[in-house]
Amino acid sequence: MNLRNKLMKPFGLKTGGSFRDLITEKNEEEILICKNDKHLCFWVSIYCSLPTDGWQDASVTTVVKFNNFLGKIYFIGIWIFHKLLVKSLFSKATSINE
C-alpha cells in the first residue's frame, strides 16, 4: 500500500488510510470491503468458512466497476500487483494461527 500511495500521489488520487477504514460489513465468515471514488468502485469479499474437521475454506473475490477511462488505466496498474497482494495477505493470515 505504501508503494501504491507513493505512485498515485502525483496523479491526485487519494492516499493513506487502511483496509480497516474500508470495511463495510463483517460477520463470523466474511469481511466486505468497499471503496467508491470518481474513477472506480471496488468491492472485496474475504471469506473464511467456519472450521470443520480441522479444515477451513478461504477465498477472496474482487469486483470492480469503472466510472471513467482513468479508472481503467488506474486498475491496470493495480491489477499487476493484485495477485501478489492477495497471496501476501493469505500468507500473513495463515501464519497467525500456526
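Just so we're clear, the structure is a prediction, and the values are computed from it rather than from any experiment.
The two residues Leu32 and Ser45 come nearest to each other via the heavy atoms CD2-CB, 3.7 Å. Nearest approach of Asn67 to Lys38, heavy atoms of both residues: CB-O, 3.3 Å. Across all non-hydrogen atoms, the minimal contact from Lys35 to Leu22 is CD-CD2, 3.7 Å. When all heavy atoms of Trp43 and Cys34 are compared, the closest pair comes out as NE1-SG, 3.2 Å.
Under the 3.5 Å distance criterion, the side-chain polar atoms of Ser49 are matched with a main-chain donor or acceptor of Asp57.
In terms of hydrophobic clustering, with Ile, Leu, Val, Met, Phe, Trp and Tyr side chains grouped at heavy-atom distances under 4.5 Å, Tyr47 and Ile23 are assigned to different clusters. Linking ILVMFWY side-chain heavy atoms closer than 4.5 Å, directly or via other members, places Trp79 and Phe66 in a single hydrophobic cluster.
Between Val64 and Tyr74 there is no side-chain heavy-atom pair separated by less than 4.5 Å.
Atom SG of Cys48 sits about 11.0 Å away from atom CD of Glu30, to the nearest 0.5 Å. Atoms CG and NZ, from Leu40 and Lys65 in turn, are 10.0 Å apart once rounded to the nearest 0.5 Å.
Counting heavy-atom neighbours within 6.0 Å of Asn27 CG, excluding the residue itself, gives a total above 12.
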